[in-house]
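Accompanying notes for the structure given below.
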Amino acid sequence: MKSLDFLLLLALMSLPDSSAVTHTLKYFYTGSSGVPNFPEFVAVGMVDDVLMDQYDSNTRRSQPKQEWMKEVTADYPQYLDRNTGIYMSAQQTYKVAIEILKPRFNQTGGVHIYQNMYGCEWDDETGEKNGFDQFGYDGADFISFKLKEGIWVAAKREAEITKHKWDQDEAGIEQLKSYYTQFCIEWLQKYVNYGKSSLMRTELPSVSLLQKTPSSPVSCHATGFYPDRATLSWRKGEEELHEDVDHGEMLLNPDGTFQMSVDLKVSSVPPEDWSSYKCVFQLSGGKEITTTLDKNQIRTNWRKPGVRGDGAEDPSNTAVIAAVAVVVLALVLIAVVGFLLYRKKKDLCSDLTAEGHSEVQEPLKPNPN
């Protein structure tokens, strides 16, 4: 863990591997000083790398982030209050910690970040357990805990004072061992059970070949897959290509699925060799989806409308035009109906307000960890 940069962690959050038997429960704490427009403390909890709950010093409240967490908070009424108390206590601890560390690093003002990543992992086939507890300061490792040995390891000279102090706390070390081998594992198993329907969810993508102009790279685009533990690559035969290949970043779709693309420069590929090039998508642990490089399959905006890659008239063109006309007509009808419903709803809302009615939302119930 060379950096615990919280913003980077949020950008790179990944989701569960449906084929994996190793489950993880992780917490990320970030205390900051001198960072404008950013909470001085943020905490997130993740199960199998899915955001589970979140707290920050602005809201000052533990907030569930998954639908299945409602079951957890219903079954454990003190859950949210207990977690909120833990996070609020950590908020004060991290604020003090930054002030303690600044003199050790010969610092005064400026921006400073103190972070902690801790949690446990459990193999549901072998039953193997493990725990981890790592601290970072200003984007670099500071100190970490070795569970089996029961000792702290200083990553730099400035952490030696902390190591000596924490190693002397035998009761604290035993408490950590108990937490990581029992309590943390028990809650990880509970979370996996509560969220199994969504944590084990998988969806395959639709894969398309795209090209802007005849001289542009051919982009293999996969969209609609879940989770995000997937690979997309170009191969020639059985060999994965790295030269003349450009990987795009993975993006989140509005519906919660993902998309990504990988470009292949085809300017140097002889026409007779095109069929030996394939775009391969694989969801972790799943079967491969293979798309052969074929000019007739490439979608582009530089060809004349209704003309395929081989120059022939596209028989689907008429159907597309007809479909568009139907959609336009449907939108007009929806707009008219929507306006009438809006007027009716507006009148109804006025009546309810006059009678003193108000919408009542079911409150979230708490739970312990």
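- Checked against salt bridge (Lys or Arg N to Asp or Glu O under 4.0 Å), Lys102 has the following partners two or more places apart in sequence or in another chain: Glu99.
- Nearest heavy atom pair, residue Trp234 against residue Val245, reads CB-CG2, 4.3 Å.
- For Tyr114 and Tyr29, the ring centers sit 6.0 Å or farther from each other.
- Distance alone, capped at 3.5 Å, places no donor-acceptor pair between the Ser89 side chain and the Ile86 backbone.
- Annotation: side chain of Asp244 is in contact with side chain of Ser268 (closest heavy-atom distance under 4.5 Å).
- The same ILVMFWY cluster, assembled from side-chain heavy atoms under 4.5 Å apart, contains both Ile289 and Leu209.
- The closest side-chain donor-acceptor pair between Lys278 and Thr292 falls under 3.5 angstrom.
- The two residues Ile98 and Tyr137 come nearest to each other via the heavy atoms O-OH, 4.3 Å.
- You'll find the side chain of Ile298 stays beyond 4.5 Å of the side chain of Leu210, heavy atoms only.
- In this structure, CG in Asp75 is found 7.0 Å from CD in Glu71, a value given to the nearest 0.5 Å.
- The pair Arg61-Asp81 meets the salt-bridge criterion, with a side-chain N (NZ, NE, NH1 or NH2) lying under 4.0 Å from an Asp/Glu carboxylate O.
- To the nearest 0.5 angstrom, Ser57 atom OG is 4.5 Å from Glu40 atom CD.
- To the nearest 0.5 Å, the span separating OG1 on Thr22 from CH2 on Trp122 amounts to 10.0 Å.
- A heavy-atom distance below 4.5 Å is found between the side chains of Leu51 and Gln54.
- Among residues two or more places apart in sequence or in another chain, the ring pair (Phe, Tyr, Trp, His ring centres under 6.0 Å) test is passed with Tyr194 by none.
- Met52 has its side chain out of reach of Met46: every pair of non-hydrogen atoms, C-beta onward, lies at least 4.5 Å apart.
- Heavy atoms of other residues, nucleotides or ligands lying less than 6.0 angstrom from NZ of Lys177 number more than 12.
- To the nearest 0.5 Å, the span separating CG on Asp167 from OG1 on Thr162 amounts to 10.5 Å.
- Using a 3.5 Å distance cut-off with no hydrogens or angles, the side chains of Ser219 and Arg299 do not pair a donor with an acceptor.
- Expressed to the nearest 0.5 Å, how far CD1 of Ile113 lies from OH of Tyr94 amounts to 12.5 Å.
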With side-chain contact (heavy atoms from CB on, under 4.5 Å) as the test, would you mind laying out the steps for Tyr87 and Arg60 before giving the verdict?
CA-CA 8 Å; Tyr87 293 147; Arg60 299 177 66 83; over 6 Å; no
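- Remark: Glu240 pairs with no residue by the salt bridge (Lys or Arg N to Asp or Glu O under 4.0 Å) rule, at least two apart or across chains.
- Although no hydrogens or angles enter the test, the distance criterion places a donor-acceptor pair under 3.5 Å between the side chain of Thr213 and the main chain of Ser216.
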Should His112 and Gln107 be marked as a side-chain contact (heavy atoms from CB on, under 4.5 Å) after you check the CA-CA gap, both sets of side-chain angles, and the distance that decides it?
CA-CA 9 Å; His112 301 288; Gln107 299 166 338; 3.1 Å; yes
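- Annotation: side chain of Lys26 is not in contact with side chain of Tyr118 (no heavy-atom distance under 4.5 Å).
- Within 6.0 Å of CD on Glu170 lie no more than 12 heavy atoms contributed by other residues, nucleotides or ligands.
- Hydrophobic cluster membership is shared by Trp166 and Ile173, with clusters built from Ile, Leu, Val, Met, Phe, Trp and Tyr side chains linked at under 4.5 angstrom.
- Thr202 has its side chain within reach of Leu283: a pair of non-hydrogen atoms, C-beta onward, lies under 4.5 Å apart.
- Residues Ala159 and Arg104 share a closest heavy-atom pair of CA-NH1, 4.4 Å.
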List the steps, then state whether side-chain contact (heavy atoms from CB on, under 4.5 Å) holds for Trp274 with Val266.
CA-CA 9 Å; Trp274 273 48; Val266 294; 4.0 Å; yes
side-chain contact (heavy atoms from CB on, under 4.5 Å) between Phe41 and Thr30, worked out
CA-CA 6 Å; Phe41 182 78; Thr30 300; over 6 Å; no
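- A distance of 13.0 Å separates CD of Gln297 from SG of Cys279, quoted to the nearest 0.5 Å.
- Atom CD of Glu272 has more than 12 heavy atoms from other residues, nucleotides or ligands within 6.0 Å.
- With ring centers used as reference points, Phe135 lies 6.0 Å or more from Phe145.
- Considering only residues two or more places apart in sequence or on other chains, Gln66 meets the side-chain contact (heavy atoms from CB on, under 4.5 Å) condition with Val50, Trp68, Met69.
- Within 6.0 Å of atom NE2 in His247, more than 12 heavy atoms from other residues, nucleotides or ligands are found, so the atom counts as buried in its surroundings.
- In the displayed structure, Gln63 atom CD is contacted under 6.0 Å by more than 12 heavy atoms of other residues, nucleotides or ligands.
- You'll find the side chain of Tyr191 stays beyond 4.5 Å of the side chain of His23, heavy atoms only.
- By the criterion of side-chain heavy atoms lying less than 4.5 angstrom apart, applied directly or through intervening Ile, Leu, Val, Met, Phe, Trp or Tyr residues, Phe142 is not grouped with Ile151; the two fall into different hydrophobic clusters.
- Summarising the geometry of Thr257 relative to Gly224, their closest heavy-atom pair is OG1-CA, 3.5 Å, with the distance given to 0.1 Å.
- The number of heavy-atom neighbours closer than 6.0 Å to NZ of Lys146, taken from other residues, nucleotides and ligands shown, is 12 or below.
- Between Ser62 and Asp53, the shortest heavy-atom distance links the atoms OG-OD2, 3.1 Å.
- The stretch residues 49-162 participates, sequence neighbours left out, in these disulfide bond (SG atoms under 2.5 Å apart) pairs: Cys120-Cys184.
- A side-chain donor from one of Asp133 and Tyr180 sits under 3.5 Å from a side-chain acceptor of the other.
- Sorted by first then second residue, the salt bridge (charged side-chain N to carboxylate O under 4.0 Å, His left out) pairs that include residues 152-162, not counting sequence neighbours, number zero.
- Hydrophobic cluster membership differs between Val42 and Val96, with clusters built from Ile, Leu, Val, Met, Phe, Trp and Tyr side chains linked at under 4.5 angstrom.
- Residues Cys220 and Leu232 come closest through the heavy atom pair O-CD2, 3.4 Å.
- If you check the side chains of Tyr277 and Asp294, you find no donor sitting under 3.5 Å from an acceptor.
- Trp152 is listed as a side-chain neighbour of Leu176, based on a closest heavy-atom distance under 4.5 Å.
- Placement of Leu25 and Phe183 within a single hydrophobic cluster is found when ILVMFWY residues are connected by side-chain heavy-atom separations under 4.5 Å, directly or transitively.
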